[in-house]
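For reference, positions follow the sequence shown, starting with 1.
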Amino acid sequence: MYSYIKGIVTLIESNYIVLDNNGIGYLIYTPNPYSFKENEETLVWIYQNIREDEMTLYGFKTKEEKDLFLKLIEVKGLGCKMALPMLATGSISGIVDAIERENILYLKKFPKIGDKVAKQIILDLKGKLNNNITISKDSNEEVIEALKGLGYKQADIVKVLPKVNSNETLEQQIKEALK
């Protein structure tokens, strides 16, 4: 079982990316492939789905996305291929809010999600997401606040922010920004 894979994105297609890690190209299905950049090193949170006829990798930009995906695929009648488009077209907070408020109409807007599956999602997940899935503050905001706390001006921070890899830990991002 993989937790994440760090490598260079070598190919971006409509529903997957290929991530090169030490000369091995991993085909990873992801909700938003175009949120990745080709020829850029990135960290992808991975879920490995093994069935008797296939082995598939699903990847996510954040751990929160992966955590929600894992909760969604536990729902009876909702598999990986139905959960992935939910994350592609909906925000984590929007999906969690819809489940908590029993908003069936919001859930039905996703492909292949009808009344029955939407009700099942609410039945299985209501009250179980807010404690387990933490929607973190944008890491850029944390870096900005840390650099401001160190006495740097907003104009200087804005110049270095694009050079900071947002997939690194907060500490590593701050070190990169200080360089």
Any residue meeting side-chain hydrogen bond (donor to acceptor under 3.5 Å, both in side chains) with [X], in chain and number order, not counting sequence neighbours:
X	value
Lys119	none
Lys126	Glu102
Asp97	Arg101
Asp115	Lys108

Check this for me: does any side-chain nitrogen of one of Lys71 and Asp67 sit under 4.0 Å from a carboxylate oxygen of the other?
no
Pairs of donor and acceptor atoms involving the side chains of residues 31-38, under 3.5 Å and at least two apart or interchain, shall be tabulated with distances.
unit_1	atom_1	unit_2	atom_2	d
Ser35	OG	Asn32	O	2.6

Does Lys66 reach the main-chain N or O of Ile46 with its side chain, forming a donor-acceptor pair under 3.5 Å?
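Answer holds: yes.
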Quick one: list whatever passes side chain to side chain contact (heavy atoms under 4.5 Å, CB included) with [X], sequence neighbours left out.
X	result
Lys81	Glu54, Tyr58
Thr62	Glu64, Glu65, Ile92
Ala98	Asn103, Tyr106, Leu107
Val75	Leu78, Gln120, Ile121, Asp124, Leu125

Which residues, ordered by chain and number, are linked to Leu105 in its hydrophobic cluster, where ILVMFWY side chains connect at heavy-atom gaps below 4.5 Å, directly or through other members?
none
Would you call the rings of Phe60 and Phe69 parallel, tilted or perpendicular if under 30° counts as parallel and over 60° as perpendicular?
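It falls in the tilted class, 30° to 60°.
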Atom NZ of Lys112: over 12 foreign heavy atoms under 6.0 Å:
no
Under 3.5 Å donor-acceptor pairs involving side-chain atoms of residues 15-25, not counting sequence neighbours:
unit_1	atom_1	unit_2	atom_2	d
Asp20	OD1	Gly23	N	3.4
Asn21	ND2	Lys6	O	2.5

Could you tell me which residues satisfy ring pair (Phe, Tyr, Trp, His ring centres under 6.0 Å) with Tyr4, sequence neighbours excluded, listed by chain and number?
Trp45
In terms of heavy-atom contacts, Phe110 and Met86 come closest through CE2-O, 3.5 Å
Can you give me the closest heavy-atom contact between Val44 and Gly59, atom names plus distance?
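Where Val44 meets Gly59 most closely, the heavy atoms are CG1-CA, 3.5 Å.
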Value rounded to 0.5 Å, distance of CD1 in Ile50 from CG in Leu57:
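Rounded to the nearest 0.5 Å, the CD1-CG separation comes to 9.0 Å.
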Please determine whether side chain to side chain contact (heavy atoms under 4.5 Å, CB included) holds for the pair Tyr29 and Cys80, giving the CA-CA distance in whole Å, both sets of side-chain angles, and the decisive distance to 0.1 Å.
CA-CA 10 Å; Tyr29 291 96; Cys80 295; over 6 Å; no
